[in-house]
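Below you'll find the structure, written out as structure tokens, and then a few comments.
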Amino acid sequence: MEKRIEFFKHNLTEEDIDLANQVMRSTFLTTGPMVEKFEKKFAEYLNISDAVGLTSCTGALHLALLCHGIGSRDEVITTPMTFVATATAIIEAGAMPVFVDVCPKSGLLLPELVESKITEKTKAILPVHLYGRMADMKGFSTLAQKYNLVLIEDAAHCIEGMRDGIRPCQLSNAACFSFYATKNITCGEGGALVCKSSEEAAWYRSARHHGISKNASSRYTKRYEHWDMEMMGWKYNMDDIQAALLINQIDRLDANRKKRQYMEIHYRQLLQDIEGLDFIEPPDDSEISGHHLFTVLLPKRCSRDEVMHTLQAAGVGCAVNYRAVHTLTYFRKTFGYKSEDFPVANEIGNRTITLPLYPKLTEEDVKMVCETLKKIIHSL
Ligand SMILES: *Cc1c(COP(=O)(O)O)cnc(C)c1O
């Protein structure tokens, strides 16, 4: 039996698991002191005033839009080259996602392309830091100021990044993060939102928990106090078990990012002379990317399904990030999109495959993945 290379392996340590065990042996499982500790540490890491622990990035995006008054009849400009949640969060908020095609080199939304699509109805821009590389937040923030728009970052791929000296949330109204199973830090399912004022953070803390005035631990640890529901809220609160799993992973963010960066450079070198194979451009030397995913664009003559199935059969995990959102059935049926409407995203979406990239991956693993892929492409 050949060696298997998983698509993803998480990085939870015995220390992380012990901390989660401590929570499970204590009285409180849900939102309490661990969540508070996580929020402080996460905000400190990002050097931003406040972080709010949530159950998902989707919930974070939804709340960020609501907090800034975005709802029915509003349009939010975003990218079709992302996970569906970026667009569905806009729909959940009652607004209309408006896609703008991406840069063919980076796969990122570009301020200059977005500007031409701004209308009277546009209320917000929602860029995604695709694969870990930050979108041009300086450019987007200039646009947001010029047209008085809300700016929200889908930073599910990028906790660690910096571009033009700017980090997530520094120039936007909110940045949203995911701790889903395959993300750079994970607790299975989870998310966070960071923002720049304690007043906003207080609104998010209420909104994540039914709009109720007191959280579970403040209601039950002291003398019973009545709670009130003061505003409409949702059920997005992170619990203490999730927070315990995450807390110490924050300390390892930068070391793990460097390991992924190293492996990505290695991949690019080993794959550089396969005819017809294309790459998303690497980040500039002046940038820090989260190096969340490494993708390649298969030669146009190859059937992606055939390559993927053969890779998997050879023991190499792979995935697709992403088929362009506007080509998915719900979006085609609901909004009448055709694949050609956003040709760049459509082409990336049809040719891309994601190769394994995580800190536990070894150079030998990368070599084996590359040799296997090369053999498959040459045989087709
Ligand atoms: C994973 C992901 C999300 C959704 O995150 P959840 O925590 O699963 O809600 C949103 N946007 C992007 C770009 C993602 O990769």
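Each ligand, and each atom within it, is numbered from 1 in the order the structure gives.
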Is there a donor-acceptor contact under 3.5 Å from the side chain of Y147 to the main chain of E120?
-> no

Provide, to 0.1 Å, the distance between atom 9 (O) of ligand 1 and the closest protein heavy atom, together with that atom's residue and name.
-> T58 OG1, 2.4 Å

Looking at T86, which atoms of ligand 1 are within less than 4.0 Å of one of its heavy atoms?
-> 11 (N)

Passing candidate, side-chain hydrogen bond (donor to acceptor under 3.5 Å, both in side chains) with R133, options E281, H157, H291 | E281

Given the options K123, K121, H68, D74 meets side-chain hydrogen bond (donor to acceptor under 3.5 Å, both in side chains) only with K123

Evaluating non-hydrogen atoms only, which member of E189, K183, H129 is closest to atom 1 (C) of ligand 1?
-> K183

Sub-4.0 Å atoms of ligand 1 with respect to non-hydrogen atoms of G190 = 7 (O)

Give the residue, atom name and distance (to 0.1 Å) of the protein heavy atom nearest atom 7 (O) of ligand 1.
-> S178 OG, 2.7 Å

Quick one: does G59 get a heavy atom under 4.0 Å from ligand 1?
-> no

What orientation do H326 and F342 show, parallel under 30°, tilted 30 to 60°, or perpendicular over 60°?
-> perpendicular

Is there a donor-acceptor contact under 3.5 Å linking the side chains of N321 and T354?
-> yes

What protein heavy atom sits nearest atom 11 (N) of ligand 1, and how far off is it?
-> D154 OD2, 2.7 Å

If we number the atoms of ligand 1 from 1 as shown, the ones under 4.0 Å from a heavy atom of H157 are 13 (C), 14 (C), 15 (O)

Should the proximity of A156 to ligand 1, defined as any heavy atom under 4.0 Å, be assigned to the side chain, the backbone, both, or neither?
-> side chain

Any idea which atoms of ligand 1 are less than 4.0 Å away from a heavy-atom of T82?
-> 13 (C)

Which of these, T79, L151, D154, L108, sits in a side chain to side chain contact (heavy atoms under 4.5 Å, CB included) with P127?
-> L151

Would you say ligand 1 has an N or O under 3.5 Å from any N or O of C57?
-> yes

Give me the ring orientation class for F38 and F42: parallel if the planes are under 30° apart, tilted from 30 to 60°, perpendicular past 60°.
-> parallel

Does Y322, backbone or side chain, put an N or O under 3.5 Å from an N or O of ligand 1?
-> yes

Without swapping roles, check the side chain of Q242 against the backbone of C187 for a donor-acceptor pair under 3.5 Å.
-> no

Which of the ligand 1 atoms, numbered from 1, are nearer than 4.0 Å to a heavy atom of F83 = 2 (C), 3 (C), 4 (C), 12 (C), 14 (C)

Hey, is the main chain of V150 close enough, under 3.5 Å, to the side chain of N173 for a donor-acceptor pair?
-> no

